[in-house]
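Scope of the values below: all heavy atoms of this structure, side chains included, with no hydrogens, waters or symmetry mates. Letters go in sequence order (proteins before strands), and every chain restarts at 1. Not measured: the values here are computed from a predicted model.
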Amino acid sequence: ASVYNALIKAHTSHGAHLLALILYTHMLSHGTQPDPFSFPIVLKACANLEARELGQQIHAQTLKFCVIVDPFVSNSLILMYSKFGLRDCARKVFDEVPTRNVVMWTTMIDVYTRAGLMDEAAEFFEKMPERNVFTWTAMISGHLRNGSPMLALGIFRAMQACGVHPDEVAVLGAISACARLGGLGIGKWAHVYVKAHGLDINKVSLANGLMDMYVKCGSLADALEVFNEMPKRSVVSYNTMVCGLAMHGKGKEAIELFENMQKDGFKPN
RNA sequence: UUCAGACCCUU
């Protein structure tokens with residue numbers, strides 16, 4: 001099965017989910033049994049294709065072929081059902097797992113925040129035995145999605161108070177909260193934190209987030225500095241800066257940058 | 001050989 005798994009995985013990572021599933025059924029019909037490594041790959045493909053019937057069939061197969069409940073498989077089932085919009089099914093899988101790990105708890109929190117059920121998310125957050133940076137960031141992103149940047153910042157602070165070190169995604173959440181609140185002071189602190197802790201500022205989304213924060217907090221000069229120092233830019237980087245210049249009354253500079261963007265080979269979207 | 005925060009950050 002491991003040879004098939006590698007092949008199936010190669011297809012899913014290129015977005016060819018349907019081909020992956022065809023390959024999987026080919027494997028079954030040729031007498032090769034799936035192993036616990038097969039299911040997460042193929043369940044994710046079902047989730048992406050919203051293939052509900054097949055997903056349920058494969059759920060049945062996990063019960064048939066797995067002697068013990070594999071945490072990777074359980075989590076993939078929870079994710080798949082939540083993508084189908086079947087929150088109760090996701091919850092049922094979670095409730096029936098004998099030993100839950102931090103990934104499953106975090107997945108459930110994410111499911112609830114996406115549904116706007118922040119009370120349920122908070123309840124899970126408090127109940128769970130251990131939390132890591134993914135868990136904390138899921139709560140931060142959840143509050144941002146649901147229009148509570150103040151609460152997002154509160155969670156970020158609590159995370160640090162608990163001794164969990166923020167990574168790029170966590171800091172980006174805090175930066176995004178600052179942008180919405182106009183909190184230049186904390187935003188600058190976050191920028192310093194990124195530099196001081198060697199977080200990867202070359203991650204385009206992190207630099208984009210910093211630029212956006214500076215623009216919205218009224219510091220165009222800082223935004224331009226981040227932009228100029230970016231080794232790699234995306235079309236979003238240019239959009240952010242063009243809009244930033246325009247919002248700050250620099251119409252001419254905005255148009256110039258818009259033209260430079262096209263010279264750099266970026267097509268306006 | 002397999003899972004979670006990032007269909008995110010700009011408009």
Side-chain angles (χ1 to χ4, degrees), chain A residues 1-10 12-13 15 20 24 27 34-45 47-48 62 66 70-80 82-83 90 93-94 97 100-111 113-114 121 125 128 131-145 152 155-156 159 164 166-173 175-180 203-216 223 226-227 230 233-247 254 257-258 261 266 268-269:
Chain A
S2 62
V3 176
Y4 271 104
N5 291 346
L7 269 173
I8 295 168
K9 173 73 182 165
T12 57
S13 45
Y24 175 72
M27 170 182 101
D35 64 12
F37 291 81
S38 315
F39 294 119
I41 313 171
V42 100
L43 287 169
K44 199 176 187 177
N48 283 314
T62 67
C66 290
D70 182 85
F72 285 66
V73 174
S74 302
N75 196 52
S76 301
L77 284 167
I78 293 168
L79 269 173
M80 182 186 74
S82 70
K83 284 240 175 79
V93 172
F94 178 84
V97 172
R100 297 169 196 125
N101 63 21
V102 63
V103 177
M104 279 176 239
W105 283 95
T106 303
T107 300
M108 285 307 296
I109 286 173
D110 187 56
V111 168
T113 66
R114 281 178 196 280
F125 185 76
M128 62 194 292
R131 293 162 271 272
N132 62 19
V133 66
F134 279 66
T135 321
W136 287 97
T137 309
M139 283 300 289
I140 292 168
S141 304
H143 277 119
L144 287 172
R145 248 198 303 275
I155 301 278
F156 182 81
M159 170 175 80
V164 176
D167 64 4
E168 286 87 355
V169 182
V171 172
L172 185 55
I175 289 168
S176 174
C178 291
R180 286 171 216 205
K203 297 222 162 126
V204 179
S205 61
L206 183 55
N208 288 351
L210 276 170
M211 275 168 47
D212 178 50
M213 181 276 295
Y214 281 129
V215 163
K216 292 195 173 140
V226 173
F227 180 79
M230 284 177 80
R233 297 175 185 134
S234 69
V235 67
V236 174
S237 316
Y238 279 96
N239 289 347
T240 306
M241 208 56 245
V242 169
C243 291
L245 287 166
M247 282 194 285
L257 185 62
F258 180 71
M261 158 178 148
F266 286 101
N269 64 12

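- Remark: ring of A:Phe37 stacked against base of B:U1; centroid gap under 5.5 Å, plane tilt under 30°.
- The residue A:Lys83 sits apart from the nucleic acid: no heavy atom pair falls under 4.0 Å.
- For the C1' atom pair drawn from B:U1 and B:G5, the interatomic distance equals 24 Å after rounding to whole Å.
- Aromatic rings of A:Trp105 and A:Phe125 (six-membered ring for Trp) have centroids beyond the 6.0 Å cut-off, not under it.
- Looking at heavy-atom distances under 4.0 Å, A:Arg233 makes no contact with the nucleic acid at all.
- Side chain A:Asn101 to base B:A4: no donor-acceptor pair is found below 3.5 Å.
- For A:Leu245 and B:U10, the CG to P distance is 16 Å, given to the nearest whole Å.
- You'll find a donor-acceptor pair under 3.5 Å spanning the side chain of A:Asp167 and the base of B:G5, going by distance alone.
- Note on A:Ile8: nothing from the nucleic acid sits closer than 4.0 angstrom, heavy atoms only.
- The distance between atom OH of A:Tyr214 and atom P of B:C9, rounded to the nearest whole Å, is 19 Å.
- Note: CE (A:Met139) to P (B:G5) measures 15 Å, nearest angstrom.
- A:Asn132 comes within 4.0 angstrom of a base, heavy atoms only.
- Nucleic acid contact class of A:Thr106 (heavy atoms, under 4.0 Å, all strands): base.
- Taking side-chain N and O atoms only, A:Lys216 has no distance below 4.0 Å to OP1 or OP2 of B:C9.
- Among the atoms of the strands shown, base atoms are found under 4.0 Å from some heavy atom of A:Thr137.
- A donor-acceptor pair is defined here as one N or O able to donate and one able to accept, closer than 3.5 Å; such a pair exists between the side chain of A:Asn48 and the backbone of A:Lys44.
- Remark: C1' of B:C8 and CZ of A:Phe134 are 14 Å apart, rounded to the nearest angstrom.
- The aromatic ring centroids of A:Tyr238 and A:Phe258 lie 6.0 Å or more from each other.
- Annotation for A:Asp35 and A:Ala1: closest pair OD2-CB, 3.9 Å, computed over non-hydrogen atoms.
- To the nearest angstrom, P of B:A4 lies 12 Å from CG of A:Leu43.
- Straight-line distance from the CG atom of A:Leu206 to the P atom of B:U10: 13 Å, rounded to whole Å.
- Dashed line: the shortest gap from a side-chain N or O of A:Lys203 to OP1 or OP2 of B:C9 is not under 4.0 Å.
- Note on A:Thr107: only backbone sugar-phosphate atoms sit closer than 4.0 angstrom, heavy atoms only; bases stay farther off.
- Rounded to an integer number of Å, the gap from CD1 of A:Ile175 to P of B:C8 is 18 Å.
- Atom-to-atom, CZ of A:Arg114 to P of B:C8 comes out at 8 Å; the value is rounded to the nearest Å.
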**Report entry** side chain to side chain donor-acceptor pair (under 3.5 Å) between A:Arg145 and A:Ser141, worked out
**Finding:** CA-CA 6 Å; A:Arg145 248 198 303 275; A:Ser141 304; 5.6 Å; no
